[in-house]
Amino acid sequence: GAGVSQSPSNKVTEKGKDVELRCDPISGHTALYWYRQRLGQGLEFLIYFQGNSAPDKSGLPSDRFSAERTGESVSTLTIQRTQQEDSAVYLCASSRRGQGDEAFFGQGTRLTVV
Amino acid sequence: AQSVSQHNHHVILSEAASLELGCNYSYGGTVNLFWYVQYPGQHLQLLLKYFSGDPLVKGIKGFEAEFIKSKFSFNLRKPSVQWSDTAEYFCAVNGNTGGFKTIFGAGTRLFVKA
């Protein structure tokens, strides 16, 4: 596709429910990132996929968070037993691997836990 | 540890004032440096990047940044800001030692008064 696509764009869920967020990266981009942006705060790194390498999960805040990516395509971020503090915009970005390659961002999924 | 530090969280300027946003990084090895911008209601997008060559990099809309390796800095500058520059600005770094994982700073919110 022309850009990084995320779905849904908005999600309201009840506390304790599980949610799944989807990211379609730009075709040919081997690297994929998930970030979280809480209201009024900066970008918080969550997880990084690079080709067939083991993902860097060092930013996942708890074991309620997990992410998968099949090959160099779609990625899903799953949050189990959602809490109110999970409310944020979840951003996905992709890039080609290589020196100087920029990250292209999706429009984000705004998650609200009520 | 890999990190990016942006010194100013909020900046308020009048139109035509000069701008300098500070960015320092901690990242081993050869680095690539980026500034991204997020205008209200829009995606994060690349403003400029450095990966080799001239340490003074020029980007879109009259922005520039200078890579000073000895100071681990990549400050963003613009001689004369406009109201339309109101946005949030993020400094970011990646490099070969980190598998090109991109780390972002916390962001600086710039408000330009007309």
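Numbered from 1 within each chain, the chains take letters A, B, ... in sequence-line order. All of these numbers come straight from a predicted model, not from anything done at the bench.
- For chain B, the nearby part of A:Q37 is the side chain; its heavy atoms alone come within less than 4.5 Å.
- Residues B:L21 and B:F72 share a single hydrophobic cluster, defined by chaining ILVMFWY side chains whose heavy atoms lie under 4.5 Å apart.
- Closest heavy-atom contact between A:F45 and B:K101: CZ-CD, 3.4 Å.
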message: If you apply the rule ring-ring contact (aromatic ring centres under 6.0 Å, His included), what do you find for B:Y36 with A:Y35, and how did you get there?
response: CA-CA 14 Å; B:Y36 287 82; A:Y35 295 93; 9.3 Å; no
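- Using a 4.5 Å cut-off between heavy atoms, A:A31 makes no contact with chain B at all.
- Annotation: A:E14, atom CD; neighbour count of heavy atoms from other residues, nucleotides and ligands within 6.0 Å does not exceed 12.
- Taking every heavy atom of both residues into account, B:L44 and A:L91 meet most closely at CD1-CD1, 3.9 Å.
- Heavy-atom neighbours of chain A within the stretch residues 78-90 of chain B, taken at a separation under 4.5 angstrom, comprise B:E88, B:F90.
- Under a hydrophobic clustering in which Ile, Leu, Val, Met, Phe, Trp and Tyr are joined whenever their side-chain heavy atoms come within less than 4.5 Å, directly or via other members, A:W34 and A:L39 fall into different clusters.
- Summarising the geometry, atom CG belonging to B:N94 is positioned 11.0 Å from atom CD belonging to A:E102; distances are rounded to the nearest 0.5 Å.
- Ring centroids of A:F105 and B:F34 are separated by 6.0 Å or more, keeping the two rings apart.
- Residue-environment remark: CG (A:N52) stays at or below the threshold of 12 foreign heavy atoms within 6.0 Å.
- Annotation for A:F65: atom CZ counts as buried by contact number, over 12 foreign heavy atoms lying within 6.0 Å.
- Criterion: ILVMFWY side-chain heavy atoms under 4.5 Å apart, direct or through other members. Under it, B:V37 and B:L33 are part of a common hydrophobic cluster.
- Residues B:F104 and A:V89 share a single hydrophobic cluster, defined by chaining ILVMFWY side chains whose heavy atoms lie under 4.5 Å apart.
- Hydrophobic clustering of Ile, Leu, Val, Met, Phe, Trp and Tyr side chains at less than 4.5 Å, counting indirect connections, keeps A:L111 apart from A:V4.
- Of the two parts of A:F104, neither the backbone nor the side chain holds a non-hydrogen atom closer than 4.5 Å to a non-hydrogen atom of chain B.
- Residue A:Q80 places its CD atom among more than 12 non-hydrogen atoms of other residues, nucleotides or ligands, all under 6.0 Å distant.
- In this structure, chain A has no heavy atom under 4.5 Å from any part of B:Q42.
- Using a 4.5 Å cut-off between heavy atoms, A:T30 makes no contact with chain B at all.
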